[in-house]
Amino acid sequence: MTDPRPTATAFAAAERLDEPRARALGEELGLRGDEYERIVAALGRTPTVSELGMYSVMWSEHCSYKSSKVHLRTLPSDGPQVLVGPGENAGVVDVGDGLAVTFKIESHNHPSFVEPFQGAATGVGGILRDIFTMGARPIAVMDPLRFGDPGGWVDGTGRRRPVDALQRRLVDGVVRGIGGYGNCVGVPNIGGETVFDDTYAANPLVNVLAIGVMPRERLQLARAQSPGQVAVLLGSATGRDGIGGASVLASQEFDDALDAKRPNVQVGDPFAEKLLIECCLELYDADLVAGIQDMGAAGIACSTSELASAASLGMDVDLDAVSLREASMESWEILCSESQERMLALVDPGRIDEVLAIAERWGVPADVIGEVVDGDQLTLRRRGEVVAEVPARSLADEGPEYDRERRRPAWLDQLQAVDAESVDLDAVAGGDVASFLLAFLRAPNTASKQWVYEQYDQHVRSGTVLAPGMGDAGVVRLPGSSRGVACATDGNGRWCALDPREGARRVVAEAFRNVACVGARPLGTTNCLNFGNPERPEIMWQLAEAVAGMGEACAELDIPVTGGNVSLYNETRGVAIRPTPVVGVLGVIEDVADAVGIAFEDENDVILLVGAPTVDGLAGSELQHFLGDEPGGVLAPVDLDLEGALAEVLHIAVHEGLLASAHDVSAGGLWVTLAESCAAGMIGADVALAEDVSTAQALFSESPGRVVVTLHSRNVKPFAQLCADAEVPLTDIGTVGGERLTIRDVVDLDLAAVEEAFDAGLPEALGGPVSEVPGV
Amino acid sequence: MRVGVVTFPGSLDDHDARLAVAACGHEDVPLWHADDDLAGVDAVIVPGGFSYGDYLRCGAVAHRAPMMQAVRRFADGGGPVLGICNGFQVLCEAGMLPGALLRNAGLRFVCRDVVCVVEAATPWTAGYQVGEEIVIPAKHGEGRYHASDDVLDELEGTGRVVLRYAPGHNPNGSARDIAGVANAAGNVVGVMPHPEHAVDEALIGGVDGRGFFTDLRAGVAVG
């Protein structure tokens, strides 16, 4: 903490506040507890209007991670593959061949509920800026989405779920927003998730992950280097849109005054972002940038203080040099505006003309707004007068930090006491197992997500090897290389509601396994922690437990967490979402020609179930949800040693060309795994189930550590040897072929019926196919 | 051959068109929208993307760029010009191809592989037999081909429908399933689906698009 000291600065008259007014304004802006006193201590005097605005956004939950930092610090973040860990805009890993890959996941939950299209669109824009701020060209995005139940489908009890027009509107707006931005900016979508559950009905989760690639030496950092460097604001003019949008919206719960918050949501301009990307990449290639920071949450306040603080320097900024959309904007509005598509670059003064020329060539507006100075003060002037003068570090790095009270929720005992495991399939299916299985595939959570991803460009930039729905992970080839990166995102609010620690371990293991299934070697993790109000001890307990579980799994599997985002206050009218940590795991595959998808390929290929034995796994399962039950039961622990061994086996087997397909057993159990692989390959299968577990467990258990692989019979022996060497169990469960999906002694279905259920489910639930003419 | 690929602000598949041209044995030459010199290229591709954000009307701003004046002169002299997706929209806005591209009938962006039939021999389809079925990706929000019945009759009557969606594969409600057309001289072609995204075996999209580039010859007469 900086020493309090008197100031001789004469502040602009309009900025000065008396003490009671300053305190009241601080409260109005969301400062809590002793935060106001901390500001006074940092400044040694009463803050100005602009200063209060800046502290309130920089010390908001969204910008400062004040409730989560103490837990996030426990996550493993080191490894020889990690070039940049948490703290910068995005983590960076070394993928070999002189290339570095940056990846990060972020949330735009609150803005997307307030205004689905713009909320989701600017979520894409924001994460892309994090990526190209690091020096990388964005090469892929993925979107893990969670909404309430849209209805319009029949569940496992025969009940037709009522249509929820709000959910349909949210899904429609969010998907259009992601497509509207991502398609126009020219980054392919390679995967994600779409989950429907009423826990998200009043608080959808819109998470977005982006991946970028660069030559290692082009890596950029968000820090000044030396006094005299000039600060150039690149991109759009600064307006009143989104003042306090991300930072304030993401830092409080919703109530009925939601509509009043609409002006807080930013408006995206993907064309401006595309130009900004090309402009910045050209600046990097010409080695013109000394340090750069994007402007998202908290705008100029954030970028100037972070660039200066990271270098233990100060900065003088002239707000009159900032191009405004409205001349009447107050200083604090300019400082806190979250207008999109802006970057702050630091440039050596001798090269400023080159910078401006490149910006002009791309049609990117550029304003020289400030200069790096000795000392630690961030000084902001308007019309010649000082409006704010603060120690940069106090804004960026010395915000409050809370170790909030945690309490194991009393309701957990009741949830865990539920007998989730003794389901009799014949009984719940009312004797018609075939219809039950087809209805299960038709349910929106298990049905094909083509309706979503066919609204996204999957081809642009000519790198996509495995697109959404094709593999357990998306795969993109890196430019100029045969190498590729694979990435999978996973989350499971039901598991984490029952046991946040084990749930998080399982979620990490699943994403890790998904990356291994395509044949890639997992390298690192990014996380998006979606939770309720941290001021409630039960929520804080969930967060701490989930982070602990995530840390255990990431450490054990050697996939350090290189960055991410925390989204708290995901609750409306006092009801929190289930704890939903979402992770993205990224891996590298040496030759993309080797990559393996989920589709069954050739007649007579052998089907093996590899990995952990099938054990009780219906607690928090998709089957439980399908039967209309709340999550209940106890999660069987994931065997992380076995997961590691299984991934190694898959990596070698894919590299040696032994496998035709690989698909893990996850939500919906073996039944969904088999149906998806048949539908993707448009070929049938004949499968016999294990006899040591019930049919319900065999088909629907979500117990971790299992992968279905198919291979030509001549490859079975070498593959079995690999498994034996690694002590990974395997079972022969059947063969690929024909036009029926047969589960012996259970069901014998026409492949066409399986495909029909799988394809029709989501369009039915969401109100019609993508290319259907409305109203016809 | 030296094949120029135009880059407007907001072009996205310019990069991909250049890769495809190079992969099919030609030299790719970047052309910048603000220039008006074609650098002596033998053919020109106006690529996909969202030129100028498509904020006014797709292609309405781009077709006024200095480079497009050069492309027009090149086309008037018989030079082969291919517009893909946004490039097709630009050529229609420029009046170099008939008709217009409206919002998809479903009012949504659609990205999926489509089966098309090559129906005319042009410099850009010399790698195919007329009548050949190909599968290439389509990805657009405004790809519904529209023209008056007279124009459609004329296009069909004079063999200027270059590419047609196979029955059941029209993703956007295009009139008469038209996916691509040519000008009267046959050297200017516009297609909505993306052949440049179907040239590389390692990637999604297949390789059926190669025929647009492999047999490209300067000054090939219209068949």
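A note on names: the letters A, B, ... follow the listed sequences, proteins ahead of strands, and every chain is numbered from 1. Owing to the predicted nature of the structure, the values given are computational and were not obtained by experimental measurement.
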Can you tell me which portion of [X] sits under 4.5 Å from chain B's heavy atoms? Options are side chain, backbone, both or neither.
{"X": "A:V592", "value": "side chain"}
{"X": "A:D591", "value": "neither"}
{"X": "A:V476", "value": "neither"}

For this session: Heavy-atom pairs under 4.5 Å with chain A are the metric here; pick the option from B:Y55, B:F109, B:Y52 that has the most.
Result: B:F109

Seminar exercise, completed: Scored by heavy-atom pairs under 4.5 Å with chain A, the best of B:A202, B:G205, B:P9, B:G173 is B:P9

Problem set entry | For chain B, the option from A:L466, A:V175, A:V460, A:V465 that forms the most heavy-atom pairs under 4.5 Å | A:V460

Could you state the interatomic distance from [atom1] ([X]) to [atom2] ([Y]), rounded to the nearest 0.5 Å?
{"X": "A:N183", "Y": "B:L12", "atom1": "CG", "atom2": "CG", "result": "9.0 Å"}
{"X": "A:D457", "Y": "B:H140", "atom1": "CG", "atom2": "NE2", "result": "11.5 Å"}
{"X": "B:R108", "Y": "A:E454", "atom1": "CZ", "atom2": "CD", "result": "10.0 Å"}
{"X": "A:R461", "Y": "B:H15", "atom1": "CZ", "atom2": "NE2", "result": "4.0 Å"}
{"X": "A:Q450", "Y": "B:C111", "atom1": "CD", "atom2": "SG", "result": "10.0 Å"}

For this session: Would you indicate whether B:E132, at its atom CD, is surrounded by more than 12 heavy atoms from other residues, nucleotides or ligands within a distance under 6.0 Å?
Result: yes

Problem set entry | Residues, nucleotides or ligands: over 12 heavy atoms within 6.0 Å of A:R325 CZ | yes

For this session: Could you look at B:L203 and say if it's the side chain, the backbone, both or neither that has a heavy atom under 4.5 Å from chain A?
Result: both

Problem set entry | Contact class of B:R18 relative to chain A, heavy atoms under 4.5 angstrom | neither

For this session: List the atom of A:A467, the atom of B:I204, and the distance in Å for their closest heavy-atom pair.
Result: CB-CD1, 3.8 Å

Seminar exercise, completed: Only residue of B:D200, B:D13, B:D16 satisfying side-chain hydrogen bond (donor to acceptor under 3.5 Å, both in side chains) with A:S462 is B:D16

Problem set entry | Side-chain heavy-atom pair B:D113, A:H459 within 4.5 angstrom cut-off | yes

Exercise. Please walk me through it: do A:R361 and B:W32 pass side-chain contact (heavy atoms from CB on, under 4.5 Å)?
Worked result: CA-CA 10 Å; A:R361 172 175 146 84; B:W32 184 246; 3.5 Å; yes

